[in-house]
Structures are given as C-alpha cells and as structure tokens.
Amino acid sequence: MFRFVFTAAALIAATTAFAQNPPSTTTAPVATTAQHITQLSRLVVSAPTGTVRSLDDTLAPVVVIGRDMLEAFGSADIATVLRFHAGLDVAGNGGPGQPTSLFLRGTGSSQTLVLLDGIRINPGTIGGPPFNHILASGIQRVEIVAAPRSALYGTDAIGGVVSITLAQPTRNGLDWGAQVGAGHYSSRSAGAHAGGGNGTLFGGAAFHWFETAGFAPKLGSDQASAFRNQTLHGLAGAQNEMGDVYVTLWRSTGTTDYLDFFGQPTSQDYTDRVVSLHAAGQLAEIWDSRIILGQYFNGLDNPHTTDFTHTWRNSLDWRNDIDLGRHHLLTAGLFLAHQHVNALSFGTGYEDIERTRAVYLQDQMRYGPHRIVLAAREARFSSFGNKFVWNANYGFHFAHDWRVTAGLGTGFRAPTATDLYGFAGNPNLEPEYSHNQNVALYWNPNRHVRLGLNLYRNHVTDLIVFQASPSGGQVQNVGSATITGAHLSARLAWGPWRIEPAVNFQRPLNDETDGYLPRRSRRSATLNLGYDPGRWEIGLHVLATGPTEDSDFNDKINAGYVLTSLNAGFNLTRQWRISGRIENLFDIEYATAYGYRTAGRGLYVVLSYSM
C-alpha cells in the first residue's frame, strides 16, 4: 500500500508543480548570511514553521549559521561548527569520525531531529544523528530551532530541530570550481563542483574527499585512529513561471578506525545516503503545495566481525499552505513513512518494520502587533499506537524596537528498533514525552543590532534508559528530567564586521537522582567574530564551557575549558583563493568524554579555484 501511495504522490507532485503560478510561501528562496551582509532584517528562516519568514518575525528561538562560517571550517564535521554556539553541547569519543553527540539546550542527542534538505536522517537503530559523517564543506546553511517541533516534524524533536540545507547550483549561468587542502594529523582534502542552468533546466554535482591519520582517541593508548570520507551531492531539476521540480542525491561513505572494548584497533565502514524528489506548485490562487519524497539509508558495517546496523526509511511529506487572507496562513499536511531496520549487535540480531502515518495542522495568525502560531499533529506508529502533540506560540510588538514571545508545546521521541528489540530491548516501551515552556524578549533598535533573552523549561517524562538488574537488566521507561535555562544572545552587523556573542545558563536535572544529566554544561559562552572588508577576511570563534558530569555509570567530571579557533582567507585573484584555520589556537588539553582525547592545536590550509 505504501509503495502505491509513494509512487502516486510522485506523479501528482510532478504534474501539480507546473499547475499555475509560482508558490508564494513554501518555495520562496531562503537568504543566507552572506559575507558582506550588514542588515540583520534580511535574514529569513523556514525551519520553525515550514514557511519562509523573517528572523525578526519568528516566534521560536532560532540559531542561523550561514555559508561564511561553514566555509571557514572547511572539511571539519558539522558538529565542530555547532559547538561554537552557546547551548549546543558537543561531546565526542576521540577525534574525527568518532561517535559524536549533540545536546541541544540540555536534551539528549537522540532527542534532536536532524533534517537534511527536508529529509530526517536520525537512524532507526541507536537514534543519534550521524554528525561525525557530515562535512561542513558543501553545506549552504544550518537552522537550529531550540524548542520542541514535534507538531510539525514528528518524532525526535523534543529538544528541537537542526535543519541542514545543502548548497545548490545556480539556476542561471555556469558555476564550477575545485579545491585542495592539507593540515595537521596528515589531513588531506579535495573537492570539486560544477553546475548551472538556463533559467528552465538546472543541475549540478559536487564531490568532497577528506582523509586524516587522526590521533590516539583513548587515554593510555598510542594507537591512532584514521578517518576517511567521500561525500557526493547531485541535483537536477526544472522550473518555470508555474513552479519547480527537482531530484537530489547526497551520499557520505567512508571508514572510521577505532579501538574496541578491549583496546584493540578495528574499523567500521559507514554509509549515509539521501535520495529525494521535491516538487512545488500552486493548485489555486490561495493554495500552495509542496511534496517531498525521500529515502534515507544508514549503514554501519564492521569488516572484522559480523556486526552491522542498517536503516532504510521511505517517507512522504505533503504540505499545503492556504492563504486565508491577511490574518491567517493555514498549513495542512500528511506524512507517511516506512522504516526497515536490520541489525546484528553484541550478539543480538533483530529486524523490524515500522510504519508511521500522521496528519498535522498549523495556523499562523497576524492581528496588528499580535502574532499567534498554533499547531497540532496526530501520529500513528505500528509499534505503540497513536501520539498527539501540539504547540502554541504568541508574539507581541509592544514598542517599535521591542517584542516579546511566549510558547508552550509538547514533543516526543518514539523508541528505536534497538530500544525495542536490540540488546536488553523491551518491545513494550512507550515514547519519551516532553512539555516545554519558553518566554523571550527581543530588542531591535536598528537594522544592525538584534539582542535576545530567552528563558526556557523542558520537562521530559518516560525516559528510555537501561536499568541494570541481577539478571542482566533491560531498557525501560523510567524517571524524568527537567531542564531550565536562560539564553542571552546578540547579533551585530555593521559594515565589514559581524559579531555574535551568546551566553547560556541551564540546570539539566535528573528528577529521580537530583543529579545533573551527563555531558550537558551548566554554563557556556561563545563568541563568533568576523571582519570582511572584501578581498580578505578573518574570523575568531571562542567557546567557554563549564564542567560536566561524564556518565550515569561513573562519577567522573569533565573539567571546563576555553577553546579558540582562528580562520582567515585571502582572494589571490578573482578565481584563486587561499584560506586557513588554526584549530585549538592555544593548544588547550580538554575532554568532552572521560578517557578520550581531543584534538590539539592544528593548522589547516585550503587552496581553491572557482569560476
């Protein structure tokens, strides 16, 4: 049945995309944080509501990472960039390619939904997104919604959403280029891209390669762990005054060396792949429609043992925006997914098929200085039944320069196949569930300055954790956690200067033990500073974080630290450019996970050519 609906929807999308007029909301181009931007009012976002809106008109807390900062980090993984934003704690078990977790304002890594060009890439096994396999090169922009968004996006969005947009080729003209790089730990990189369009047809492809000898990830061992990655991204489509339709392929493959439980060197092959079809058009004067069909595959294979985990997920998201006049924009959607998991891990083999059906509704209302967003979602999972979630947000411009927002919402994380059927699994698990409250105050005295103070509370119940017992233990729904915090941020853009400081204070508490949740900082501060007069630019990125508890299974403390990254770039000619980055500028010794090393000071240089 799902295959029939999947195929039929593809045909509908291809025909309705060229029905009448170009869509006015769902497919409007999203601006990026360009290197020379001086007006913050130009920034727009789409992740909080699924429709393009000005950042100053958004009711949910949002962090925007533009192309300039992503390019500065070259072939580093995306988590390396995310950690320089207060409230985003990143913990890694060693160097490049090693397991990496993101804790968004105190919530767990598996409680944050990650979208890549609109397709969810949280695997159906361990649940954590593959941040260590996604290179910053080739990404156009990242939006982080730091509030539950399960009403719009479904499972895993308890802490929020990380929406990654890949770079697209120009739709008019020709663009191509190549680059090579080298750096510390015998790191090497190369890449090439080509694309263009004639106004009707467009397409392109990009390839990025990165390899490093790495360093010894575990304390007490001198065995280095190498990492290799090849990423391919292709896109082809067509557009005219009646709409657009395009297909994409993103594929990240490679090998990660690591040390096993006994400290012996081994390796793991990985593949992450997204194939998608996007089509949009206007079915009526007030009705814009977009369909995203996609397949996500995540595969981990150990060539030295029989262990493996494979996830295939086919999905369909049909979103409709209906303009009911100047006061209401109604969004109605249908989401279908078919997930197949096959795995053998720690001697336990399991296979599972999960079917998901969901409908969702959202209304964006505007009455003078008042703004209201209401959203709800009813989802049915074949493993545990129905789940209903909602969110409500209110905003008020009480003065020309000031506005206040408030939000309430719920979120959930469905148990993964590993939770249900893996080692110590429990097929009777219920989803984790959260209630969130958020209040914010924003000040925009002019087009160059934006200040924000955000207060938040997230209460998560039915946590899915492993409970030890004399017979061995089992994964169960036990306990709850309450995360309260305050986030203060600023965005300043003036001429060639871009300054973004932020401070985050939070109390991520385990309600059962009154202890702090592991690897979440209770205080952190970041500063991202850039100066770009035109031909050259320089950037400084600083992270200061307090100590963290390491694990529920030990009493170790990871000490706080200050980490600094410096980058610079120079345009040699109109085509040639050289750029470099010094990671861990002051060679600080620090740890994000007890017993594991982190990278020392290293220089990375890239030479690029573009037309």
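Note: hydrogens, waters and symmetry copies are ignored here, and every other heavy atom, side chains too, is used. Residue numbers run from 1 in the order of the sequence given.
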task = Kindly give the heavy-atom pair with the smallest separation between Ala599 and Phe215, and that separation in Å.
result = N-CZ, 3.5 Å

inquiry  = Given Tyr296, which partner from the list Thr311, Asp272, Asn122, Asn314 fulfils the side-chain hydrogen bond (donor to acceptor under 3.5 Å, both in side chains) test?
reply    = Asp272

message = By the definition side chain to side chain contact (heavy atoms under 4.5 Å, CB included), identify the one residue from Gln295, His340, His338, Arg120 that meets it with Arg313.
response = Arg120

key: Heavy-atom side-chain contact between Met69 and His85 under 4.5 Å   = yes

key: Any Ile134 side-chain heavy atom under 4.5 Å of Asp77 side chain   = no

query = Can we say Arg228 and Asp257 salt-bridge, meaning some charged N sits less than 4.0 Å from an Asp/Glu carboxylate O?
reply = yes

request  = List for me each residue that meets ring-ring contact (aromatic ring centres under 6.0 Å, His included) alongside His310, sequence neighbours excluded, and say none if there are none.
outcome  = Phe297, Phe308, Trp312

ask   = Are the side chains of Ile65 and Leu70 in touch, meaning some heavy atoms are under 4.5 Å apart?
value = yes

inquiry  = Walk me through whether His541 and Phe73 qualify under ring-ring contact (aromatic ring centres under 6.0 Å, His included).
reply    = CA-CA 11 Å; His541 311 281; Phe73 282 84; 5.2 Å; yes

ask   = So Asp321 and Leu330, side-chain contact (heavy atoms from CB on, under 4.5 Å) or not? Walk me through it.
value = CA-CA 6 Å; Asp321 294 317; Leu330 190 67; over 6 Å; no

message = Strictly below 4.0 Å, N to O, side chains only: are Asp68 and Arg498 in salt-bridge contact?
response = yes

ask   = After noting the C-alpha distance and the side-chain angles of Gln230 and Thr253, does the key distance pass the side-chain hydrogen bond (donor to acceptor under 3.5 Å, both in side chains) rule?
value = CA-CA 5 Å; Gln230 304 89 37; Thr253 61; 3.3 Å; yes

query = Can you say whether the rings of Trp494 and His448 are parallel (under 30°), tilted (30 to 60°) or perpendicular (over 60°)?
reply = tilted

request  = Heavy atoms only: give me the nearest Ser315-Ile119 pair and the separation to one decimal.
outcome  = OG-CD1, 4.4 Å

ask   = Hey, are Asp57 and Arg366 close enough for a salt bridge, meaning a charged N less than 4.0 Å from a carboxylate O?
value = yes

inquiry  = Between Asp89 (side chain only) and Arg105 (backbone N and O only), is there a donor and an acceptor less than 3.5 Å apart?
reply    = no

request  = Please test Tyr609 against Trp176 for ring-ring contact (aromatic ring centres under 6.0 Å, His included), starting from the C-alpha separation and ending with a verdict.
outcome  = CA-CA 9 Å; Tyr609 178 86; Trp176 63 275; 5.6 Å; yes

Short N-O contact, Asp288 and Arg319, less than 4.0 angstrom = no

key: Test log, rule side-chain contact (heavy atoms from CB on, under 4.5 Å), inputs Tyr604 and His184   = CA-CA 6 Å; Tyr604 303 87; His184 203 50; 3.7 Å; yes

message = Between Ser276 and His278, is the side-chain hydrogen bond (donor to acceptor under 3.5 Å, both in side chains) condition met? List the steps.
response = CA-CA 7 Å; Ser276 62; His278 303 247; 3.0 Å; yes

key: Phe131 and Ser101: CA distance, side-chain angles, deciding distance, side-chain contact (heavy atoms from CB on, under 4.5 Å) verdict   = CA-CA 8 Å; Phe131 292 110; Ser101 299; over 6 Å; no

message = Can you tell whether the side chains of Arg83 and Glu583 come within less than 4.0 Å, N to carboxylate O?
response = yes

